[in-house]
Structure formats: C-alpha cells, structure tokens
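Residue numbers start from 1 in every chain, and the chains themselves are labelled A, B, ... in the order their sequence lines are given, proteins ahead of strands.
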Amino acid sequence: MNAAQPLITPGRKTKGRNNIPIKSTDVFKSIVANLEQHKLTTFSVLHIAQSNMVQHRRVYDFFNLMTSLGVCKVASKGNLEWIGIDKAETSISDFYDELEVHALSSNFSLTFNLVSSPSLGNLAYHVIGLFLYLNMETLSLKQISRVFHDGKSDIRSLERRLYLVLSFLEVINLIKRSVQVGHYTLHVNREFMIKKAWEKRKEAIKISNLVSIESLLSHSDKALIHDAYKYRQRCFFEVMYKYFLNK
DNA sequence: AGTAGGTCTGAACGGTCTTT
DNA sequence: AAAGACCGTTCAGACCTACT
C-alpha cells in the first residue's frame, strides 16, 4: 500500500487556498476541543482522519507531536488515549529544566544545534526551549531554523517541519502568530518555567560542585540572570549574523 | 499597478518498521 | 511476503508583502 494515498479526495491540485473553506488547523482545534471534553477515551487515528475529512498523513503528524508532549499516549497500534492539553506545559517545563542544567556544560550552538532530521516532538521542545532560554517574546521561523540547522542538511526541509510544529503548537495555544508575518509569540507561563529551571540549575551546581560563573560571582540572582540573558541573546544574534554573512 | 521574492500549506513520494 | 502504520522529505502553488 502506498501510505501517501489520501483517504479523502484532496483539494489541492486544482483548487487554491481560496477554495478550501476550512484550514486544517481549525479542524485540529475542533478535534482537540472534542477530545478535551471526553478525556481518557481511546480513539483511532484513522477514524479521526476519516470523520473529520482530513488526510491521514496530517493526522499522524499532529498526534505524533501530541504524543511527544504527553498530551496523549499510544494505547495500541493506531489507537491513542487522550490525556489533556494541560500536560503539554508540564512536559515542556520539565524539558526546559533539563535544558538549563545541560546548558551549564554546553554552549549556545551545541545546546540548540539539532541533529539532521529531528522528530516533530524534539523540534517542538527545542522551539519553546529557545524562547525560554533567550527569554524573548517573539522569534521568527527563519531565526529558529538558523539556530537549529546542522549546516549540512537541506534547511528547507527543516523549515517545512517547523511550519508544521508551529501550527500544531498554535492549535493547543502554546504559540500564537505575531502581527509580523513569519513571527511567533510564546504563550506559556514563562515566568514560572524560567524560575523553576533556574532553581534546578542552582541545585545541579551544588550537587556536582560545578565551577560556574554563577558559583563564582556574588551577584544577586536577579542581576546574574539579567546578565546571562544579555549574553545569550548576543550569542543568538551572532548566529544570525554569521548566517547572513555565509548567505 | 506590476512583479519578484518570501511565507505558508496541501499533497505526494518513497522509505522503514511492525504486524499478520 | 504482504499489508498496514508511520514519518522525513520534496514539490507545487496560493497567498502576502515590499519594492520599483
């Protein structure tokens, strides 16, 4: 069987965006709303695709990401169990704790330079991790892709997948489109996540006796964190600048 | 107004892995 | 081995925006 065969007649070849009244993100939003109402029910991915008239390939992508975020889990082959979109913030916050600890012994490029062909879940975690790590309100898709790109694979493929990830994160309200085209804003409890991650960082330093800038300076936490973000953002803009020069 | 280039999305190809 | 599930990648084309 060719997995690419759509179950539902596609509308793209002969019709433009004008002729497709409902966007797939809207369909996914309604699917999510429906699943939220009936938590802990198992469902078939193919059934969701068929009953919502969406190509099953798209549905696989969406639920693959939701599974990575802990929003649902695999019940059996082709069947999933809905847990709830609240779980996504918890999963992301836990991931970000680890990222901050990992960053103690790694630099900016190494922390965010992903292997070629990262999974949608891995991309999603790192997208949100990047927002938090830099403590920036808005990032563009291009900026994100440049940070993640390994320099070898085709960046367009990474960009295509980032479009998917960002639109799926928008479905569960973790990301919102900014007024500026191609720019996205993070919508999570940023303050809480950052505070929690910095606490974990401090714990990690204590446990491992790591000699870090933090352990040497007598700054107050606030000033230290402020300086750290300034430095991180400088590293980020250096990556952007280098990319521009190599273009 | 015309247009070139960028953004975004749907669709399909082709492959791997798992199940029967 | 065949069928089915799953997923990375690529392409085409509609839409958007900035520039002339």
Quiz item: Nearest of C:dA5, C:dT9, B:dT7 to any side-chain atom of A:K142?
Solution: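 Side chain of A:K142 sits closest to B:dT7.
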Please report, rounded to the nearest Å, how far the [atom2] atom of [N] is from the [atom1] atom of [X].
X      : N      : atom1 : atom2 : value
A:R160 : C:dG13 : CZ    : C1'   : 13 Å
A:L164 : B:dT9  : CG    : P     : 9 Å
A:R161 : C:dT10 : CZ    : C1'   : 12 Å
A:R58  : B:dC13 : CZ    : P     : 13 Å
A:H149 : C:dT9  : NE2   : P     : 10 Å
A:D61  : C:dA5  : CG    : P     : 16 Å
A:L158 : C:dC7  : CG    : P     : 18 Å
A:Y60  : B:dT18 : OH    : C1'   : 12 Å

Quiz item: Using a cut-off of less than 4.0 Å, is there contact between a side-chain N or O of A:Y163 and OP1 or OP2 of B:dC8?
Solution: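 For B:dC8, OP1/OP2 do have a side-chain N/O of A:Y163 under 4.0 Å.
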Quiz item: Do the ring centers of A:F63 and A:F28 come within less than 6.0 Å of each other?
Solution: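 No, they do not, as the ring centres are separated by 6.0 Å or more.
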Quiz prompt | Centroid separation A:Y229 to A:Y133 less than 6.0 Å | solution =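 Ring-ring flag for A:Y229/A:Y133: false, centres at least 6.0 Å apart.
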Quiz item: Between A:D227 and A:K230, is there a salt bridge with N-O shorter than 4.0 Å?
Solution: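 No.
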Quiz item: What is the nucleic acid contact for A:Y184, judged by heavy atoms within less than 4.0 Å: base, sugar-phosphate only, or nothing?
Solution: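 Counting heavy atoms under 4.0 Å across all strands, the contact made by A:Y184 is with sugar-phosphate only.
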Quiz item: Is A:N64 touching bases, backbone alone, or none of the nucleic acid, heavy atoms closer than 4.0 Å?
Solution: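 A:N64: backbone/sugar contact only, no base atoms under 4.0 Å.
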Practice problem: Might you point out which heavy atoms bring A:K196 and A:S93 nearest each other, and give the distance in Å? | Solution: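 Where A:K196 meets A:S93 most closely, the heavy atoms are NZ-OG, 2.9 Å.
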